[in-house]
2 protein chains.
Amino acid sequence: MTSEFGQFCPIALASEVLAQKWMFLIIRELNAGSTRFNEIRRGVPRISATLLKQRLDQLEQVGVIIRRRNEKGSSEEYLLTEAGRELKAVLGSVGEWGQRWARAIEKDDLDPGWLVWAMHRRIDVTAMPLGRTVLEFEFFDAPKDQRLFWFLCANDSVDVCIKSPGFDTDLKVITSVQVFAEVWRGLRPLRQEIKSGGIRLEGSLALQRAFPGWLLLSVFAKTRRQV
Amino acid sequence: MTSEFGQFCPIALASEVLAQKWMFLIIRELNAGSTRFNEIRRGVPRISATLLKQRLDQLEQVGVIIRRRNEKGSSEEYLLTEAGRELKAVLGSVGEWGQRWARAIEKDDLDPGWLVWAMHRRIDVTAMPLGRTVLEFEFFDAPKDQRLFWFLCANDSVDVCIKSPGFDTDLKVITSVQVFAEVWRGLRPLRQEIKSGGIRLEGSLALQRAFPGWLLLSVFAKTRRQV
DNA sequence: CGGTATCCCCCGCGATACTG
DNA sequence: CAGTATCGCGGGGGATACCG
């Protein structure tokens, strides 16, 4: 591990940590606010527990995170250090580049579970009605167990549910994963898809009209793709 | 390779290309101006030919470089595309982070051959006397075959030699790899090391005085280390 | 929930030798 | 100079089962 590249160039030294499979995604989750093991896994669902733990240990060792038992002692927390927080700049440049130049989306990238997990951090509850709002998504092209999701939006938090939360749905969104992914990425305009029927809304007209204002989309959505 | 991570996040898509061993270093060399196979290898000496070729093919496939026979048809050239040039921003953020937060330099990082290769791109010939200037380096703590190097500086180019170029040396620099590496990285001030004898100069007083002005140091030398 | 422990396979990668 | 071909190993990492 030490001196993997035989150079003292800062890019080489950083590579020892960063240029490994999964690493950017784990760091992205941490910088998005995840602190717990399974929280990180929801953002990186395809990594194995073994490997995630290995990577977290490594990040701790090089000083990107610190590990801590939470107050109740019931669970472990992984917290970014200043070094870890400064990796946000790297995530930014990598994401910008990916948005502009990386390969096109393919079938196997379209994990609806990941999409809703990413969305739940980018829903602007302050733009919503006060109190509880239940948002339901139906991805009609997804396998049965990934077709339906609910967002339980309170005044200051958003929870993702894979079963009905037990409250009535206020606004339902019906779409394909493909179309919604492209909207999320900023490759198609949201309002236009609503008009053309690529995204269908069911619920009060007031909520339908407000909906595009709730959805902040991907952090990189405004970056113009070049290919 | 495709959909390695099962997400369409731009960071995940970029990771498929970037988050691999050696990749940042190869891209660094290309962005530093290398276009030929063995030129890249000089900047990444520990990579095997097999693997370098594999990586270059991959970079070509994803549109970061294009391959071309040069005019004479005698050799292959690897040229950055616009996508490849935009990776400079990524190199910048990764290098900045590495400079600030990556691990300290260790013995095995101290490859004098790599150091002189890195230096030759950062020597300001416009600050030198007109005509030819021969700069000689002696790293007294290096193994015999890595002790001596020459820079053959012309008005518009710098060549690295591992044997005497056959011209008299105008200025000789005697130092340890360790000390010079730290100066190069911006961890120690050059002028102070010259004063204290960590770096010794032999040659006309005029050249000795001018020397610190020739050496541009690492691109990241001005970034302040945090640990 | 937050991991370990184990098994095992594959392939990433280095080393060496050879080529046009 | 710019690779290719071949071999071989080590360990990266996936799958599964188990634990406090």
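Letters go in sequence order (proteins before strands), and every chain restarts at 1. Because the structure is predicted, anything quoted here is derived from the model rather than measured.
- The interatomic distance linking Arg46(B) (CZ) with dG14(C) (P) rounds to 11 Å, in whole Å.
- Side-chain N/O atoms of Lys21(B) include none lying less than 4.0 angstrom from OP1 or OP2 on dG12(D).
- Contact between the side-chain N/O atoms of Ser48(A) and the OP1/OP2 oxygens of dA15(D) is not found at any separation under 4.0 Å.
- Comparing dG3(C), dG3(D), dG13(D) against the side chain of Leu51(A) picks out dG13(D) as the nearest.
- A salt bridge between Arg100(B) and Glu86(A) is present, with a side-chain N of the basic residue lying under 4.0 Å from a carboxylate O of the acidic one.
- We find that CG of Asp57(B) is positioned 11 Å from C1' of dG3(D), with the value rounded to whole Å.
- Separation of the Trp150(B) and Phe137(B) ring centroids does not fall under the 6.0 Å cut-off.
- Side-chain contact, Gln99(B) with Arg185(B): a donor N or O sits under 3.5 Å from an acceptor N or O.
- For Asn38(A), the side-chain atoms get nearest to dC1(C) when compared with the rest of dG3(D), dC1(C), dC1(D).
- Within 4.0 Å (heavy atoms only), Arg41(B) reaches no atom of the nucleic acid at all.
- Put simply, CZ on Arg69(A) is 10 Å from C1' on dC1(C), counting in whole angstrom units.
- Phosphate contact (OP1/OP2 of dC1(C), side-chain N/O of Arg36(A), threshold under 4.0 Å): absent.
- Taking atom CD of Gln54(A) as the reference point, atom C1' of dA5(C) lies 13 Å away to the nearest angstrom.
- Note: CG (Leu56(B)) to P (dT4(D)) measures 10 Å, nearest angstrom.
- Leu52(B) places its CG atom 15 Å from the C1' atom of dG12(C), with the value rounded to the nearest Å.
- Gln20(A) places its CD atom 15 Å from the P atom of dG11(D), with the value rounded to the nearest Å.
- The side chain of Glu76(B) sits closest to dA2(D) out of dC13(C), dA2(D), dG2(C).
- At a threshold of 4.5 Å between non-hydrogen side-chain atoms, the residues Phe139(A) and Ile174(A) do not count as touching.
- Summarising the geometry, the separation between NZ on Lys53(A) and P on dG14(D) is reported as 17 Å, rounded to the nearest angstrom.
- In this structure, of dC1(C), dG3(D), dA15(D), it is dA15(D) that holds the atom nearest to the side chain of Thr50(A).
- Considering only heavy atoms from C-beta on, Leu52(B) comes within 4.5 Å of Arg41(B) through its side chain.
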